[in-house]
Structures are given as C-alpha cells and as structure tokens.
Undergrad: 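Submitted below is the structure of interest, expressed as structure tokens.
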2 protein chains.
Amino acid sequence: MEPTKIEQDILAAAQKLFLEKGFAGTSTTDIANEVGCNQALIHYYYRTKDNLFEKVFLQEINDTLKMISKVLDAPLQNVSLTELVNIVIDYYFATLKQRPNLPFFIVQELLLNPGRREMIREQFIRNEYRQEAYNKYAAIIRRMTAAGEIRQIEPFALLINTVSLVAGTFLSLPLYGDLLEKSGEEQETYLDSRKEEIKRVLISRLQP
Amino acid sequence: MEPTKIEQDILAAAQKLFLEKGFAGTSTTDIANEVGCNQALIHYYYRTKDNLFEKVFLQEINDTLKMISKVLDAPLQNVSLTELVNIVIDYYFATLKQRPNLPFFIVQELLLNPGRREMIREQFIRNEYRQEAYNKYAAIIRRMTAAGEIRQIEPFALLINTVSLVAGTFLSLPLYGDLLEKSGEEQETYLDSRKEEIKRVLISRLQP
DNA sequence: GTCTATAAGGAGATAGAC
DNA sequence: GTCTATCTCCTTATAGAC
C-alpha cells in the first residue's frame, strides 16, 4: 500500500518539526499548520501523535543506518589508515550537515521517554542495515589490526570514540554559535576545523 | 536574604525532576508532590515555572564550573602528560558519576528552547568560574606545548575533544544499557573501559 | 476525505479562605 | 504561609456535517 501524497506531506511536516522541536514541543496543530490542513486530518491518517512519531523515528533510524552501511560498501580493502579515516569522516560530516539536528533528536527522544525505548529497541535490534553495517565495519577494523596496519583496538570502542567526537561537534554547534556569538560563516569554519581535528585524533589513536 | 528551608526544598525537588525529565516533562504539580506540599506554593515562592527553572539551571552551571575550576588548582605544574590526563579524566568521570544526567540536561535545555539561550548566554559569559577555569586550563596547555611536552594543539580544540568523548560516554550509557540490554554491573564496566580508552585517545593525540 | 465543532483532560497561574 | 478552588488556555482525540 503506497502512501498517498497527503500522507507523505504529513510525514514530512512531522519529521521537520519533531527534529526541530522534539516530540513534546510539537503539537498536532503545529503539524497541520505546516501541512496547510486542519488538525483533525493528522489524526484521521495517523490516529495518534505517538503513532506518527514512531513512524518518523523509525524512518530516521532506518535511513541513517542505510547511509552508514552504504559508505562501507566502497572498496576499502586496500586503503591506508589515513585514507580510511578521511573517507569515513568526510562522509559522516557531509551526511550530518544535511541533518544537523539528528544527533540531538536521537539523544533526546531516546533518553527522555523510557517508555518508548522498548519499541525502539525491537526495531533497532532486528534492523537489517544495522547488523550489516556493524559487521562490515568490524571486519575492516579486525583485518587492519591483524595486518598490523593499525594499533590494537576494540571495534566497538572505536565506534563510540568516533560517534562521540562527531556528534559532540554537531551538538556543540548551536552553542558555539549562540553562546560565543559566532556568525554562520564562523560556524562553517568551526565544522571544518573540527573535521580535521577529529581525523588527527583518530589517526593518532590508530597509528601503530 | 538567606533562602528558607521550604525554598531550598522546592529548589532541590525541581532540580531532581528537571534533571530527570526535562523542563517540558516536569509539571509544577510534580514538583509539589515531590516536596510534599500543594502546587500553589511553588508559584507563591517562585512565581513562574520558567523562573524556577532559571534558578535551577544557573545553579547547575555554576556548581559545575566551580568544580572544574577547583581541580585545576591542584599542583599541575610539574606533572607529566600521562599524569595530567589521568588526573583530569578521573576527576571528570567521578564528578559526572554523581550526576549522570547532567550532559543530557544541559544539551537538551540549551538546544531545545532558543528563547532561553539569551538568559543563559548572559550568565555564562559573565560567570567568574568559567573565565577562571578556562584561563587556568589554557595556560597549562600552552606551557606544555611551549616546553615540547605535548604536541601542538589549540586549547579550545582539546577541550571540545575531551568534553565530546566524556559527555558522549554518559549520553550513550542509558542506550548501552537499554538497547543492548546490559545490567548495572556491565554498565559500570562500560564506564571504566570508556575512561581508560579516553585516556589512551587523549595521550595518543598529545604525545609528541 | 476533509472540514468544523467539541469533548475531556492537563497545564500554569491566581484569588481568596484560613 | 499554606491551603482549596477555580480561571484560562492549550492539548489530543473524536463526532458528525458536508
């Protein structure tokens, strides 16, 4: 059952607003205004706000994992450590620049509402792209460790390092802009400098 | 004007609940129940929920900066790179273990409500402990760089690296526990292993 | 399918008794 | 100072006209 245009419009509007203002900060009336219809129509198509949120959240997770999996399909078998870090971090930054709120959104909704974690865990555990992406990734790290091209490290630990550094950059971006009163250009420069610094950190950690 | 006992009780209850469930997720009725009084009393002492939140938030920031400043008063002038990283990261972890929700709380409330950032910026900019802590910290890094004891690095970049890695660990902790279904003991082990890994990362990055 | 109207409940804030 | 009662507004969700 292909989703109709109006269903897609509602989903897109909900996605935009949930990402911006979170679940609690977005009312179904807000979503209706964004779509250009009345509030009852939101409920006609998605019944409850919770259900609509679930659809949005799962789609975000799915799309993200699919993208992550995709970059690992590039021929990474024979690249050097420096090349590997460059490819992964450049790609990661480019992806997040399109959705700068994504780290915040995921952190917020996953931490704030423990009641929703059950639903999320089920979908997360059985998500095919997640398994696939992690296995591809871990295989690369293990191979390079065995070949002596990088220092000994647990793939999971390296993953948390990378995600922390990159997500931390995007989480700190609005604070950098607001608290330190930086312009849009300066924020661009900040992102670029963080990108290069993160590469240095990862290469230092991995270089034998 | 010393705050009375009831005022302190309300503040403590509000702090607990805001840290747990965020501003939007906490009602003044919740706070009253936690205190053991009626909801009107909250408003009698603090007028609005916003005002109460402001008090809580500023106190959190102030306490945190004060603690950070304190550790930098230790005699760090003659320690090695490894010792310095050990002291700072151990202290940082011990502090956050007492308030594991703090990173999430700050991220959430700072990002979610742009209207509040103005108030926060003012307090943040003129906070004496912040200036003090950052200056002490930057002086140490610059001295060690000049002495050739660590590699060239911008103090601010190193700060963001450190905060990202440590905050990322605490933000990921409930996800680690929930999504991967880890017990409390395993979460303790996770924290310890993250602590040691973060030290390795920072030392690798800084070692000449 | 899409609308208006409205029900039902919860929120923050205040009035006024004690 | 502390309580109960209540006002007003906003939310989600549904009923029913078209």
Side-chain angles (χ1 to χ4, degrees), chain A residues 1-59 105 108-109 112-116 118-120, chain B residues 1-59 105 108-109 112-116 118-120:
Chain A
M1 43 188 180
E2 192 69 4
T4 64
K5 181 179 183 316
I6 178 72
E7 282 176 305
Q8 287 179 332
D9 285 353
I10 293 174
L11 205 65
Q15 186 193 53
K16 175 172 182 286
L17 293 176
F18 283 147
L19 274 168
E20 259 172 39
K21 309 194 293 174
F23 177 81
T26 305
S27 69
T28 50
T29 307
D30 292 338
I31 297 171
N33 289 342
E34 178 79 21
V35 173
C37 68
N38 59 82
Q39 180 252 354
L41 210 62
I42 310 298
H43 292 275
Y44 174 76
Y45 280 108
Y46 290 92
R47 278 191 49 82
T48 67
K49 187 186 167 188
D50 268 290
N51 179 48
L52 174 56
F53 178 82
E54 191 169 325
K55 295 274 189 299
V56 169
F57 193 91
L58 294 178
Q59 201 186 28
F105 175 71
Q108 192 205 14
E109 302 302 346
L112 206 56
N113 193 332
R116 251 197 308 262
E118 178 103 11
M119 168 278 278
I120 293 168
Chain B
M1 42 187 179
E2 191 71 4
T4 64
K5 178 177 184 320
I6 178 72
E7 281 176 307
Q8 288 179 331
D9 286 353
I10 293 173
L11 206 65
Q15 187 195 52
K16 174 172 183 289
L17 293 177
F18 283 148
L19 273 167
E20 260 172 38
K21 308 195 294 174
F23 178 81
T26 305
S27 70
T28 51
T29 307
D30 292 338
I31 297 171
N33 289 343
E34 178 79 21
V35 173
C37 68
N38 59 82
Q39 179 249 357
L41 211 61
I42 309 297
H43 290 277
Y44 174 76
Y45 281 108
Y46 290 92
R47 278 189 50 82
T48 66
K49 186 186 168 189
D50 268 289
N51 179 48
L52 175 56
F53 179 83
E54 192 169 324
K55 298 273 189 297
V56 169
F57 193 91
L58 293 179
Q59 201 186 28
F105 175 71
Q108 191 204 16
E109 302 302 347
L112 206 56
N113 192 333
R116 252 196 309 261
E118 179 102 12
M119 168 279 277
I120 292 168

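Chain letters run A, B, ... following the sequence lines, proteins first and then strands; every chain starts at 1.
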Undergrad: Does dT2(C) have its OP1 or OP2 closer than 4.0 Å to a side-chain nitrogen or oxygen of Y45(A)?
TA: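 Checking Y45(A) against dT2(C): at least one side-chain N or O falls below 4.0 Å of OP1 or OP2.
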
Undergrad: Not counting sequence neighbours, which residues clear side-chain contact (heavy atoms from CB on, under 4.5 Å) with L58(B)? List them please.
TA: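 For L58(B) the side-chain contact (heavy atoms from CB on, under 4.5 Å) partners, ignoring immediate neighbours, are E54(B), M119(B), Q123(B).
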
Undergrad: Salt bridge (charged side-chain N to carboxylate O under 4.0 Å, His left out) with K21(A): which residues, sequence neighbours excluded?
TA: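 Counting only residues at least two positions away or on another chain, K21(A) forms a salt bridge (charged side-chain N to carboxylate O under 4.0 Å, His left out) with D30(A).
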
Undergrad: How long is the straight-line distance from OH of Y44(A) back to CG of N38(A), given to the nearest 0.5 Å?
TA: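 Answer rounded to 0.5 Å: 12.5 Å.
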
Undergrad: Using atom CZ of R47(B) as one end and atom P of dA13(C) as the other, report the distance to the nearest whole Å.
TA: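 So the CZ-P distance, R47(B) to dA13(C), works out to 9 Å.
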
Undergrad: Could you state the atom-to-atom distance from CD1 of I6(A) to C1' of dT2(C) in whole Å?
TA: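 The distance from CD1 of I6(A) to C1' of dT2(C) comes to 9 Å, rounded to the nearest Å.
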
Undergrad: How far does CG of L41(A) sit from CD1 of I6(A), to the nearest 0.5 angstrom?
TA: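 Atom-to-atom, L41(A):CG and I6(A):CD1 are 5.5 Å apart.
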
Undergrad: Please check if the side chain of K49(B) supplies one atom and the backbone of F23(B) the other of a donor-acceptor pair under 3.5 Å.
TA: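 Indeed, once roles are kept as given, a pair shorter than 3.5 Å links the two residues.
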
Undergrad: Between I120(B) and E109(B), is there a side-chain heavy-atom distance shorter than 4.5 Å?
TA: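 They are not in side-chain contact.
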
Undergrad: Would the distance check show the side chain of Y46(B) and the main-chain N or O of F53(B) forming a donor-acceptor pair, the cut-off being under 3.5 Å?
TA: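 Checking the backbone N and O of F53(B) against the side chain of Y46(B), no donor-acceptor pair under 3.5 Å is found.
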
Undergrad: Could you tell me the separation between the CG atom of D9(A) and the C1' atom of dG1(C), rounded to a whole number of Å?
TA: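 It is 14 Å, rounded to the nearest whole Å.
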
Undergrad: Figure out the CG/P separation between N33(A) and dT11(D), and round it to whole Å.
TA: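 After rounding, the reported distance stands at 10 Å.
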
Undergrad: Could you tell me if the side chain of K5(A) sits less than 4.5 Å from the side chain of D9(A), heavy atoms only?
TA: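 Yes. Closest side-chain heavy atoms under 4.5 Å.
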
Undergrad: According to a strict under-4.0 Å criterion, is N38(A) in side-chain N/O contact with OP1 or OP2 of dT2(C)?
TA: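 Indeed not, no polar side-chain atom of N38(A) lies that close.
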
Undergrad: Taking N or O atoms only and anything under 3.5 Å, show me the protein contacts with nucleotides 8-12 of chain C, one pair per line.
TA:
| residue | atom | partner | partner atom | Å |
| --- | --- | --- | --- | --- |
| dG12(C) | OP1 | T28(B) | N | 3.4 |
| dG12(C) | OP1 | K49(B) | NZ | 3.0 |
| dG12(C) | OP2 | T28(B) | N | 3.0 |
| dG12(C) | OP2 | T28(B) | OG1 | 3.0 |

Undergrad: Taking CD1 from I42(A) and P from dT14(D), how many angstroms apart are they, rounded to a whole number?
TA: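 Roughly 14 Å, once rounded to whole Å.
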
Undergrad: Which range-with-range stems can be found for DNA chain C when each stem has 3 or more Watson-Crick or G-U pairs in a row and both distances sit under 3.5 Å?
TA: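 Stems for DNA chain C, defined as runs of 3 or more consecutive pairs: C:1-18 with D:1-18.
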
Undergrad: Give each protein N/O atom lying under 3.5 Å from an N/O atom of nucleotides 15-18 of chain D, with the pair distance.
TA:
none

Undergrad: Which pairs count as salt bridge (Lys or Arg N to Asp or Glu O under 4.0 Å) when at least one residue sits in residues 33-43 of chain B, sequence neighbours excluded?
TA: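 Residue pairs with at least one partner in residues 33-43 of chain B: K16(B)-E34(B).
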
Undergrad: Rounding to an integer number of Å, can you tell me how far I10(A) CD1 sits from dA13(D) P?
TA: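 In whole Å, dA13(D) P lies 14 Å from I10(A) CD1.
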
Undergrad: Students often get this wrong, so: under 4.0 angstrom with heavy atoms, is Y44(B) touching a base, only sugar-phosphate, or nothing?
TA: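 Base contact - Y44(B) has a heavy atom under 4.0 Å of at least one base atom.
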
Undergrad: What distance separates N33(B) CG from I42(B) CD1, expressed to the nearest 0.5 Å?
TA: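 Output value for this atom pair is 9.0 Å.
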
Undergrad: Round to a whole Å and report the spacing from CG of L41(B) to P of dA13(C).
TA: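 Value for this atom pair: 15 Å.
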
Undergrad: Check the side chains of T29(B) and Q39(B) for a donor-acceptor pair under 3.5 angstrom, ignoring hydrogens and angles.
TA: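 No, no side-chain donor-acceptor contact under 3.5 Å.
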
